[in-house]
Amino acid sequence: MEEEKNRITITGYTFSTGEELCGQLAYLLDSQETELDKILYGVRGLTLIWEHADVSARVLESAYDEICEEIRRTDDGHDIALVLIEGTQIPEFSFDCHDLSSIYDVENITEEHYKEIFDLYNENKDYFDYLNSEVTMESIHREAMASDGQTRFFVAFRDPDLVGIANVILQYPRMDTVWIDSFMIKKDLQGFSYGSEILRDMLDAFASCGFVWAQTGVPEGFPAAEKFWKRNWFIDLHKYSEKDGVKIRHLIRGLQ
């Protein structure tokens, strides 16, 4: 830990739960208390910078945001600015989703594509069954609206017919990482290396921007998905999240 006036920089530590964060703060601030209120009460004008923070086990949980808000609040004496630098900060980069494939045309998914995506998802209904999720036009619309064209992209691969889709999030759950939220190929093209071919191009595009890691999640107990990712050199991160009551196993692969 390095301290300069009202600025504290913490390096070399990781945490994945609020309890671990509180415990680490208690240790670094030489306190035996493990509640944020007791650790930070009365502290003013402090900027707490947590470098290389690893919160990947909590990226899908709203509790993480609540922890950050608790640290920031001022109504009971807190005046804390929390800066989590999650992973290595990579230089400024320009990302073009059209570079995700050197073979297929890549398009941002818009309303005109929803019917095709609906059919693709229903071809792969077994995946959504493992997620306890129902595919609807509204659910596809929500997925498309979450894409901001800056750090999140929901795209289709075409030749010229639809080959597959991907939903990727840059700088998530760490600054040096890309999260592949979903990746799916048409059912009749599976087993012929189409998916691995597109995935290799995607990973090359991420690496060229300076990203160090790619992560994804598969429903626990869904062997087909896990087999695909492990065949493409993703390994078990030994971290899990939960989505709609389903345990999601996190996998990771280095890009550099």
Worksheet item: OG1 of T177 to CD1 of I252: how many Å apart, nearest 0.5 Å?
Response: 6.0 Å

Worksheet item: Is the number of heavy atoms from other residues, nucleotides or ligands under 6.0 Å of K187 NZ greater than 12?
Response: yes

Discussion item. Looking at D236 and H238, would you say the former's side chain and the latter's main chain have a donor-acceptor pair under 3.5 Å?
Written reply: yes

Item to complete: Give, for atom CZ of R142 and atom OG of S147, the distance between the pair rounded to the nearest 0.5 Å.
Response: 15.5 Å

Discussion item. To the closest 0.5 Å, what do you measure between CG (N167) and CH2 (W179)?
Written reply: 11.5 Å

Worksheet item: Taking the side chain from S101 and the backbone from I198, do they hold a donor-acceptor pair closer than 3.5 Å?
Response: no

Fill in: Any side-chain donor near an acceptor of the partner, R200 and N232, under 3.5 Å
no

Response to the item:
Hits for ring-ring contact (aromatic ring centres under 6.0 Å, His included) against F234, two or more places apart or cross-chain, chain-then-number order -> W229

Discussion item. Using every non-hydrogen atom in the two residues, find where F93 and L170 come nearest and quote the distance to one decimal.
Written reply: CE1-CD1, 3.9 Å

Practice prompt. Ignoring hydrogens and angles, state whether a donor on the side chain of Y121 or E116 is under 3.5 Å from an acceptor on the partner side chain.
Written response: no

Worksheet item: If you draw a 6.0 Å radius around CD in E138, do more than 12 non-hydrogen atoms from other residues or ligands fall strictly inside?
Response: yes

Fill in: Test log, rule side chain to side chain donor-acceptor pair (under 3.5 Å), inputs D176 and Q171
CA-CA 6 Å; D176 55 5; Q171 298 181 319; over 6 Å; no

Worksheet item: Would W233 end up clustered with V178 when hydrophobic side chains under 4.5 Å apart are linked, directly or stepwise?
Response: no

Practice prompt. Would you name the heavy atoms of E197 and Y104 that are closest together and state the gap between them?
Written response: OE1-OH, 3.2 Å

Item to complete: Determine the minimum heavy-atom distance between I185 and Q190, stating which atoms define it.
Response: O-NE2, 2.8 Å

Discussion item. If you compare all heavy atoms of E134 against all heavy atoms of S139, which two are closest, and at what distance to 0.1 Å?
Written reply: O-OG, 3.9 Å

Worksheet item: In Å, rounded to the nearest 0.5 Å, how long is the span from CG of L251 to NZ of K239?
Response: 13.5 Å

Worksheet item: Can any side-chain N or O of D148 pair as donor or acceptor with the backbone N or O of T151 at less than 3.5 Å?
Response: yes

Practice prompt. Would you please name every residue forming a side chain to side chain donor-acceptor pair (under 3.5 Å) with Y194, sequence neighbours left out?
Written response: none

Practice prompt. Answer yes or no: is there a donor N or O on one side and an acceptor on the other, between the side chain of D99 and the main chain of F95, under 3.5 Å?
Written response: no

Fill in: Stepwise side chain to side chain donor-acceptor pair (under 3.5 Å) check, H141 with Y114
CA-CA 7 Å; H141 176 71; Y114 289 0; 3.0 Å; yes

Worksheet item: Nearest heavy-atom pair of C97 and V106: which atoms, and what distance?
Response: O-CG1, 3.3 Å

Discussion item. Assess whether a salt bridge exists between D181 and R152, defined as any Lys/Arg side-chain N lying under 4.0 Å from an Asp/Glu carboxylate O.
Written reply: yes

Worksheet item: Is E220 salt-bridged to R249, going by a charged N under 4.0 Å from an acidic O?
Response: yes

Item to complete: Count the heavy atoms belonging to other residues, nucleotides or ligands that lie under 6.0 Å from NZ of K230, then report whether that count exceeds 12.
Response: yes

Fill in: Any side-chain heavy-atom pair of D129 and L131 under 4.5 Å
no

Practice prompt. Return the orientation label for the F183 and F157 ring planes: parallel under 30°, perpendicular over 60°, tilted otherwise.
Written response: perpendicular

Worksheet item: What are the two closest heavy atoms between H113 and N108, and how far apart are they?
Response: CE1-O, 3.4 Å

